[in-house]
Amino acid sequence: MDEEIIGFVIVWILAVISVSYCYYISSRIKAGVLRLISVVPVCAFFQVLPLFFSYLHLSSCIAVSLSCLASAKLVLFSFDQGSLFPLPSNIFRFICFTCLPIKAQQNPRPKIQIPKWLFPIKVAIFAMVLHMYDHQRYMSPVVLLVLYVLHLYLELDIALMLVKFFVFITLGCDLEPQANEPYLSTSLHDFWGRRWNLMVPAILRPAIFVPVRQFCRGRMSSDWATFLAALATFSASGVAHEVFFFALTFEMPTGEVTCFFVLHGVCTAAEVAVKRTAFVRRWRMSPVLSRLLTVGFVVVTSGWLLFPTLARSNMLERAANEVLLSIDYVKRTFYSFG
C-alpha cells in the first residue's frame, strides 16, 4: 500500500504541473480550436493515469477527478465555457477548480440548508454498511440491492462533502452544492438535474445538451430538439461510465450501464413533456408518493442494469474491504508514531 500511496502523490504532482501549463500557456491562446489543441495532450495524459493503480479507491479517485471531470473542464475551458470561465484569479484556484469536483458559486442564490447532524449519521450508517458485507451471502437479492445503493450513495456523498469542506476552508469562497439529498427527489428531472452529483450535469449541459438542442431546433420542433438533446446527454454519460468501469476492472463493457442511462434519458425527457400537458398541470401528486415512485424507479433500474456490472467485478465488496483496510493502516501508522 505504501508504494500505491507514493505513486498517488506523484500522479497528483504531475497533474498540478500539467494544469499549471494550461493556466500559464493555454490560457494565453485565443479560445477555440488552437487552445483545444494545446490542452489535448494534458487530457490524453489524464486518461492513462488510473491504469497504474490496483487500489480501487486511488484509481477511481484519479479516474473521476482527472480522467473525467478535469479533462471535460479543460475542453470547455478551450471555448471559454464551463467552471473555468472566467479564468480564476490565481493559479491555486485554477488547479483546485480543475482537479477537484467543485465549482465556484457565481450567481448567489439561497443556500441549501443541510442539518449539521446529518453528516455524522451518514458516516455511522456507512460504517454499518461496510460491516454488513461480511454477511452478504445470507442476504436476499432485495436486501443486497439496498446495501449496494446505500454504499454507493453514502461513500460518494461523504467523499464529496469532505472535499467541499477542505476547499471551503482553504479558498474561503462559496461553492456550488455537489448534491442535495437525492432520496428527496420528486421526479427524475429533479433527481438528475437538481440533486444527484451536480458537478456532472454542470459539465454535460454546456458540453452536450445545449449544443445538440441548438443544432436540432432549426430542423424540428422545440420539444423534439429537447428530447434528442436529453437523450444525447444521457447516452454520453452512459458511455463515459462504461469507460470508467473498464478502466477500473479491465472487463469488457456489456452495454448495460449505457442502457441504464439511455433509459433514464428517455424517461426523464418523457416526464418533462408529459408535465407540460394541460391535464397533468391540473393534477397534483402527493410529494411523498412522487418521492417513493422516483427513488423506487432509480433503485429498481439500478438493480436491473447498473449494479450487475459492479457485482460481477466485486467492485463494491472490494471498495468496502479497502475502506476497512485503510482505517487499519491509519491506526497502525498513528500508533507507530505514538
Side-chain angles (χ1 to χ4, degrees), residues 1-27 38-78 82-84 87-104 155-173 175-176 178 197 199-200 202-203 240-241 243-250 315 318-319 322-323 325-327 329-330 332-334 337:
M1 186 173 179
D2 291 333
E3 293 180 357
E4 294 258 322
I5 293 177
I6 294 173
F8 186 72
V9 172
I10 293 174
V11 162
W12 278 101
I13 292 174
L14 294 175
V16 168
I17 295 173
S18 301
V19 173
S20 300
Y21 151 79
C22 295
Y23 180 79
Y24 288 114
I25 305 299
S26 299
S27 63
S38 72
V39 304
V40 163
V42 175
C43 297
F45 175 61
F46 285 170
Q47 302 310 306
V48 302
L49 294 180
L51 304 178
F52 295 100
F53 296 90
S54 59
Y55 200 68
L56 183 61
H57 281 88
L58 299 184
S59 59
S60 60
C61 175
I62 295 172
V64 171
S65 299
L66 299 180
S67 303
C68 298
L69 297 181
S71 297
K73 290 178 184 179
L74 288 174
V75 171
L76 290 174
F77 162 71
S78 301
S83 59
L84 299 179
L87 189 70
S89 57
N90 57 63
I91 179 62
F92 184 67
R93 289 195 172 211
F94 185 82
I95 291 171
C96 289
F97 291 137
T98 302
C99 297
L100 299 176
I102 58 172
K103 180 183 179 182
E155 182 162 356
L156 182 61
D157 192 61
I158 291 171
L160 290 176
M161 290 180 71
L162 291 175
V163 170
K164 182 178 180 181
F165 176 77
F166 167 77
V167 174
F168 176 77
I169 295 298
T170 305
L171 299 182
C173 62
L175 301 174
E176 294 283 347
Q178 298 153 314
N197 201 7
M199 191 70 252
V200 175
I203 291 175
H241 280 79
V243 175
F244 171 72
F245 290 146
F246 173 75
L248 298 182
T249 65
F250 294 102
M315 280 184 61
R318 283 176 56 198
E322 286 182 2
V323 172
L325 289 173
S326 299
I327 294 174
Y329 176 81
V330 172
R332 291 196 305 269
T333 304
F334 177 79
F337 287 104

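The chain is numbered in sequence order, starting from 1.
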Counting only N and O atoms by type, is there a donor-acceptor contact under 3.5 Å from the side chain of Q178 to the main-chain atoms of N197? no
Looking only at side-chain N and O atoms, does H57 offer a donor or acceptor that is under 3.5 Å from a partner on E155? yes
side-chain contact (heavy atoms from CB on, under 4.5 Å) evaluation trace for K103 with L175: CA-CA 6 Å; K103 180 183 179 182; L175 301 174; over 6 Å; no
Does any non-hydrogen side-chain atom of I25 lie less than 4.5 Å from one of S38? no
Would you sort out whether L84 and L76 count as a side-chain contact (heavy atoms from CB on, under 4.5 Å), showing the intermediate values? CA-CA 8 Å; L84 299 179; L76 290 174; over 6 Å; no
When rounded to the nearest 0.5 Å, the distance separating CZ of F250 from CG of L51 is 5.0 Å
How long is the gap from CZ on F46 to CG on L14, to the nearest 0.5 Å? 9.5 Å
Do F77 and S27 have side chains that approach each other closer than 4.5 Å (heavy atoms only, starting at C-beta)? yes
Under 3.5 Å: donor-acceptor pair, side chain of S65, backbone of I62: no
Counting C-beta onward and ignoring hydrogens, is there a side-chain heavy-atom pair between F53 and S60 closer than 4.5 Å? no
Please report the interatomic distance CG(L100) to OG1(T170), rounded to the nearest 0.5 Å. 9.5 Å
Side-chain contact test, heavy atoms from C-beta onward, threshold under 4.5 Å: evaluate it for I203 versus K73 and give yes or no. yes
Would L171 and C96 satisfy side-chain contact (heavy atoms from CB on, under 4.5 Å), going step by step from the backbone distance to the final call? CA-CA 9 Å; L171 299 182; C96 289; 4.2 Å; yes
Close side-chain approach of P101 to L160, heavy-atom, < 4.5 Å: yes
When rounded to the nearest 0.5 Å, the distance separating OG1 of T249 from CZ of F244 is 10.0 Å
Would you mind listing every side chain to side chain donor-acceptor pair (under 3.5 Å) that reaches into residues 9-23, with sequence neighbours excluded? none
So L74 and C22, side-chain contact (heavy atoms from CB on, under 4.5 Å) or not? Walk me through it. CA-CA 8 Å; L74 288 174; C22 295; 4.1 Å; yes
So, the side chain of S71 versus the backbone of L66: is there a donor-acceptor pair under 3.5 Å, distance only? yes
Give, for atom CG of L49 and atom OG of S67, the distance between the pair rounded to the nearest 0.5 Å. 6.0 Å
Checking the side chain of E4 only, and the main-chain atoms of S54 only, is there a donor and an acceptor separated by less than 3.5 Å? yes
Counting only heavy atoms from other residues, nucleotides and ligands, does the tally under 6.0 Å from CZ of F246 exceed 12? yes
What do the steps show when you test Y24 against F94 for ring pair (Phe, Tyr, Trp, His ring centres under 6.0 Å), and what is the final call? CA-CA 10 Å; Y24 288 114; F94 185 82; 9.0 Å; no
First locate atom CG of L69, then atom CZ of F97, and finally report the distance between them rounded to the nearest 0.5 Å. 14.5 Å
